[in-house]
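The next block holds one structure in the form of structure tokens; read it before the comments.
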Protein chains: 2
Amino acid sequence: MQTRPRRYHHGDLRAALLTRAEQTLREKGPAALSLRELARDIGVSHAAPSRHFKDKQALLDALALNGFERLGELMTECQARVGESFAERLDAMARAYVGFATANAALLDLMYSVKHNPEASQELRSAAQRWSEQIVQLIGEGQRRGEVRQGPVERVGLPVFTTLHGYASLAASGMLPPEATEHGLDDVIASILRGCAPEPASS
Amino acid sequence: MQTRPRRYHHGDLRAALLTRAEQTLREKGPAALSLRELARDIGVSHAAPSRHFKDKQALLDALALNGFERLGELMTECQARVGESFAERLDAMARAYVGFATANAALLDLMYSVKHNPEASQELRSAAQRWSEQIVQLIGEGQRRGEVRQGPVERVGLPVFTTLHGYASLAASGMLPPEATEHGLDDVIASILRGCAPEPASS
DNA sequence: ACCTGAACACCGTTCAAGT
DNA sequence: ACCTGAACACCGTTCAAGT
């Protein structure tokens with residue numbers, strides 16, 4: 001029943017809020033996320049968060065942005081640990097993305113959520129774009145290796161990105177058809193490869 | 001300042017709530033959706049909605065379910081108004097889906113949202129699946145016409161579905177890279193077709 | 001600069017009571 | 001069966017005041 005004693009100076013309240021927010025997002029879902037409860041859990045007054053996030057949406061925006069950053073890091077890491085062939089790199093990237101999506105379903109939902117502050121959504125859009133450009137870059141390498149068909153790299157890359165994103169977001173929201181759990185991702189990757197392969201002879 | 005007079009019997013409160021809810025969802029976003037405000041707008045007491053939806057999430061679930069039903073109808077309609085070739089039918093379906101997604105961005109977000117009542121999410125999952133099966137069916141027709149490569153229809157169809165869904169949901173959330181507005185969807189459709197085309201000679 | 005405490009206007013949910 | 005009105009425990013946000 002006793003509320004925890006309050007230290008006047010919290011080390012890094014902003015970081016503490018984000019960490020705790022992501023934890024409850026993961027454990028109890030986005031509906032259960034309240035600034036007041038966050039403040040209580042951390043041990044500051046309910047008005048303290050407003051010093052660091054001008055409103056609740058600003059905290060959600062920061063959470064989403066942080067998600068994109070971690071996703072980007074995850075991708076560069078996973079690409080460093082894998083061979084050079086396009087098929088291998090695509091496979092690794094696809095599995096890493098889907099892994100992130102299912103391990104952070106609520107966060108992914110938030111990252112691509114339609115409700116963001118107009119100012120923050122600008123920042124988020126460019127974060128999303130930086131991420132999609134990692135796939136585009138992969139396509140570029142594939143083209144240089146002759147393992148991906150020629151053409152403007154953004155135009156060849158976008159369908160790859162939307163395909164992976166579609167699978168990842170369906171997996172995260174639990175809306176994948178039940179048959180998919182078996183070879184779903186394999187089939188998706190195979191289908192991307194078929195669509196990416198250089199044309200046999202023509203032109 | 002005056003609150004509207006309250007008719008004791010509302011014609012169909014459930015339907016009125018859903019209609020109004022979708023309107024404010026579209027106009028002011030999901031965060032602005034409150035049961036109390038809905039009740040005020042319609043002219044019933046704030047406790048009246050609970051007769052029709054056991055809680056707020058139940059209303060959101062109903063909204064999402066309704067979205068899937070309309071999406072399904074939209075698809076059967078659009079398929080009725082179009083030629084028989086697979087390419088033509090896929091194109092029509094893709095444009096209709098993306099059209100629905102951008103015209104009902106907040107609703108699409110809700111339809112594939114990760115936070116749903118466990119009981120309702122069952123129902124939603126099967127609604128999502130019925131919808132994805134419309135694409136699978138399209139693939140089946142394409143196979144019979146020899147315009148889509150052979151193989152288990154669900155396994156050939158899933159990548160098509162995830163690709164379309166990925167594009168639609170990115171378009172809805174405004175996260176498509178800016179280059180995409182030009183030929184984004186064309187490229188995606190083309191990439192699906194390339195991946196769906198029957199193999200040239202082998203096997 | 002950073003935080004508190006009180007205050008304000010809202011919520012969702014429940015429940016006895018009314019018709 | 002369907003709705004009301006009051007009550008409860010919560011919200012997010014703001015703002016003077018404290019250190």
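Excluded from the calculations below are hydrogen atoms, water molecules and symmetry mates; all remaining heavy atoms, backbone and side chain alike, are included.
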Original post:
Any side-chain N or O of B:Ser34 less than 4.0 Å from the OP1 or OP2 oxygen of C:dC11?
Top reply: yes

Original post:
To the nearest Å, how far apart are A:Leu33 CG and D:dC10 P?
Top reply: 17 Å

Original post:
If you round to the nearest 0.5 Å, how far is CD1 of B:Ile135 from CZ of B:Arg89?
Top reply: 13.0 Å

**OP:** Compare side-chain N and O positions of A:His52 against OP1 and OP2 of C:dC3 and report whether any pair is under 4.0 Å apart.
**Re:** yes

Original post:
Roughly how far apart are A:Thr163 OG1 and B:Ile192 CD1, rounded to 0.5 Å?
Top reply: 7.0 Å

Subject >> B:His46 side chain, from C-beta outward: closest of C:dC3, D:dG5, D:dC11 >> reply: D:dG5

**OP:** Let me know the distance between CZ of A:Arg36 and P of D:dC10, rounded to the nearest Å.
**Re:** 11 Å

**OP:** Would you check if the side chain of B:Glu22 reaches a backbone N or O of B:Leu63 as a donor-acceptor pair within less than 3.5 Å?
**Re:** no

Original post:
When rounded to the nearest 0.5 angstrom, what is the spacing between CD in B:Gln137 and CD in B:Gln134?
Top reply: 7.0 Å

Original post:
When rounded to the nearest 0.5 angstrom, what distance separates CD in B:Glu179 from CG in A:Leu158?
Top reply: 7.5 Å

**OP:** Would you jot down, in residue-number order, the residues of residues 53-63 of chain A having a non-hydrogen atom under 4.0 Å from DNA chain D?
**Re:** A:Asp55, A:Lys56

Subject >> Nearest-Å distance for atom pair CG/P, residues A:Leu13 and C:dA1 >> reply: 17 Å

**OP:** Flag the pair A:Tyr167 / B:Phe161 as yes when their ring centroid distance falls below 6.0 Å, and as no otherwise.
**Re:** no

**OP:** Tell me which of B:Arg51 and A:Arg51 sits closer to the 5' end of DNA chain D, going by the nucleotide each one is nearest to.
**Re:** B:Arg51

Subject >> Separation of atom CG in A:Leu17 from atom P in C:dC3, rounded to whole Å >> reply: 9 Å

Subject >> Distance, nearest 0.5 Å, that separates CG of A:Asp109 from OG of A:Ser169 >> reply: 8.0 Å

Original post:
How many Å lie between CG on B:Leu38 and P on C:dC11, as a whole number?
Top reply: 10 Å

Subject >> Distance, rounded to the nearest Å, where B:Ile42 contributes CD1 and D:dT4 contributes C1' >> reply: 16 Å

Original post:
Just how far, in rounded Å, is C1' of C:dA1 from CZ of A:Arg14?
Top reply: 16 Å

**OP:** Would you sketch DNA chain D in dot-bracket for me? Only Watson-Crick or G-U wobble pairs with both distances under 3.5 Å count, crossing pairs as [ ], other-strand pairs as |, the rest as dots.
**Re:** ||.|||||...|||||.||

Subject >> Heavy atoms of other groups near B:Glu123 CD, more than 12 under 6.0 Å >> reply: no

Original post:
Is B:Arg155 reaching over with its side chain to a backbone N or O of A:Gly184, donor-acceptor style, under 3.5 angstrom?
Top reply: no

**OP:** Can you figure out which of C:dC3, D:dA7, D:dC3 approaches the side chain of B:Ser45 most closely?
**Re:** D:dC3

